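As structure tokens, the structure follows; a few thoughts come after it.
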Amino acid sequence: VQLQASGGGLAQAGGSLRLSCAGSGRTFNSYAMGWFRQAPGKEREFVAAGWNGGFTYYADSAKGRFTISRDVANNTVALQMNNLKPEDTAVYYCAAGPVASIKPTQGYAYWGQGTLVTVSS
């Protein structure tokens, strides 16, 4: 089972980036797929998650700026990031697992390799 993330790069503050993650090796229809990030010197933190059926959940830092979307048929998840801030600079990881919507930040069993997002001021 693999999760392959892509789409990171350099953006200016106020700009946008779109991250994508493709899953392979199994179907993730019944799983949540989400994004976490880890900034230098900080712990990994939850960003957003989406479930089959359209339910989504966002960290407060992502609300209003980031949008997560699932393509269940193609086993992919995307994160559209708008109005980027320097504090969004981090390695972003996609993840998937049998996550309960009442505990959306826990229970991820599969992790991608990470993609670096750098936001300049």
Side-chain angles (χ1 to χ4, degrees):
V1 178
Q2 282 191 325
L3 294 171
Q4 183 70 39
S6 61
L10 177 64
Q12 291 187 334
S16 299
L17 283 173
R18 183 177 178 85
L19 306 182
S20 297
C21 177
S24 61
R26 64 161 293 149
T27 61
F28 294 96
N29 292 5
S30 62
Y31 279 11
M33 295 185 79
W35 292 91
F36 288 72
R37 68 186 183 186
Q38 187 166 20
K42 295 187 177 181
E43 294 186 353
R44 186 173 61 193
E45 64 177 7
F46 171 82
V47 177
W51 283 258
N52 188 4
F55 179 74
T56 57
Y57 184 82
Y58 295 91
D60 287 345
S61 60
K63 288 179 182 176
R65 300 188 300 126
F66 295 0
T67 302
I68 190 169
S69 58
R70 292 276 304 268
D71 183 344
V72 175
N74 290 304
N75 249 9
T76 62
V77 62
L79 185 69
Q80 177 67 40
M81 304 186 294
N82 298 328
N83 191 21
L84 284 162
K85 303 175 181 180
E87 51 263 44
D88 294 319
T89 295
V91 176
Y92 283 71
Y93 299 89
C94 64
V99 177
S101 59
I102 59 173
K103 290 186 177 181
T105 67
Q106 302 175 26
Y108 292 86
Y110 304 103
W111 294 85
Q113 84 289 1
T115 184
L116 177 62
V117 171
T118 304
V119 183
S120 62
S121 58

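Not measured: the values here are computed from a predicted model.
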Going by side-chain contact (heavy atoms from CB on, under 4.5 Å), name the residues that satisfy it together with N74, two or more places apart in sequence or in a different chain. D71, T76
Indicate the atoms forming the closest heavy-atom contact of A49 with P104, along with that distance. CB-O, 4.4 Å
For G50 versus I68, what's the shortest heavy-atom pair and its separation? N-CD1, 3.6 Å
Flag yes if V117 and F36 sit in one hydrophobic cluster, no otherwise; membership is Ile, Leu, Val, Met, Phe, Trp, Tyr, and two members link when side-chain heavy atoms are under 4.5 Å apart. no
Hphob cluster co-occupancy, Y110 + V72, side-chain heavy atoms under 4.5 angstrom: no
Among all residues two or more places apart in sequence or in another chain, which pass the side-chain contact (heavy atoms from CB on, under 4.5 Å) test with S69? R18, A78
Taking only residues two or more places apart in sequence or in another chain, which ones pass side-chain contact (heavy atoms from CB on, under 4.5 Å) with Q2? S24
Write down the atom of Q38, the atom of K42, and the distance for their closest heavy-atom approach. NE2-O, 3.0 Å
With side chains defined as the heavy atoms from C-beta onward, is the minimum distance between F28 and V77 less than 4.5 Å? no
V47 and F55: same hydrophobic cluster, using ILVMFWY side-chain contacts below 4.5 Å? no
Residue pairs passing the side-chain hydrogen bond (donor to acceptor under 3.5 Å, both in side chains) test with at least one member in residues 46-59, sequence neighbours excluded, are none
Quick test of your reading: applying disulfide bond (SG atoms under 2.5 Å apart), list the pairs with at least one residue in residues 35-91, sequence neighbours left out, ordered by first then second residue. none
Non-hydrogen atoms of R26 and Y31 that approach each other most closely: NH1-OH, 3.2 Å
Holding to side-chain hydrogen bond (donor to acceptor under 3.5 Å, both in side chains), I want the full list of residues that pass it with R44, two or more places apart in sequence or in another chain. none
Output a table of donor-acceptor pairs, distance under 3.5 Å, between side-chain atoms of residues 82-94 and any protein atom two or more places apart or on a different chain; print 'none' if there are none.
unit_1	atom_1	unit_2	atom_2	d
N82	OD1	S16	OG	2.9
N82	OD1	Q80	NE2	2.9
D88	OD1	R37	NH1	2.9
D88	OD1	R65	NH2	3.0
D88	OD2	R65	NH1	2.7
D88	OD2	R65	NH2	3.4
D88	OD2	K85	N	2.7
T89	OG1	P86	O	2.9
T89	OG1	V119	N	2.9
T89	OG1	V119	O	3.4
Y92	OH	R37	NH1	2.9
Y92	OH	D88	O	2.7

Does F66 share a hydrophobic cluster with M33, counting links as ILVMFWY side-chain heavy atoms below 4.5 Å and allowing steps through other members? yes
Least distance between heavy atoms, L79 atom then A48 atom: CD1-CB, 4.2 Å
Solution key, residues 5-13 side-chain donor-acceptor pairs under 3.5 Å, sequence neighbours excluded:
none

For K103, which residues count as a salt bridge (charged side-chain N to carboxylate O under 4.0 Å, His left out) partner, sequence neighbours excluded? none
Parallel, tilted or perpendicular for F46 and Y108, by the 30°/60° rule? tilted
Which pairs count as disulfide bond (SG atoms under 2.5 Å apart) when at least one residue sits in residues 45-80, sequence neighbours excluded? none
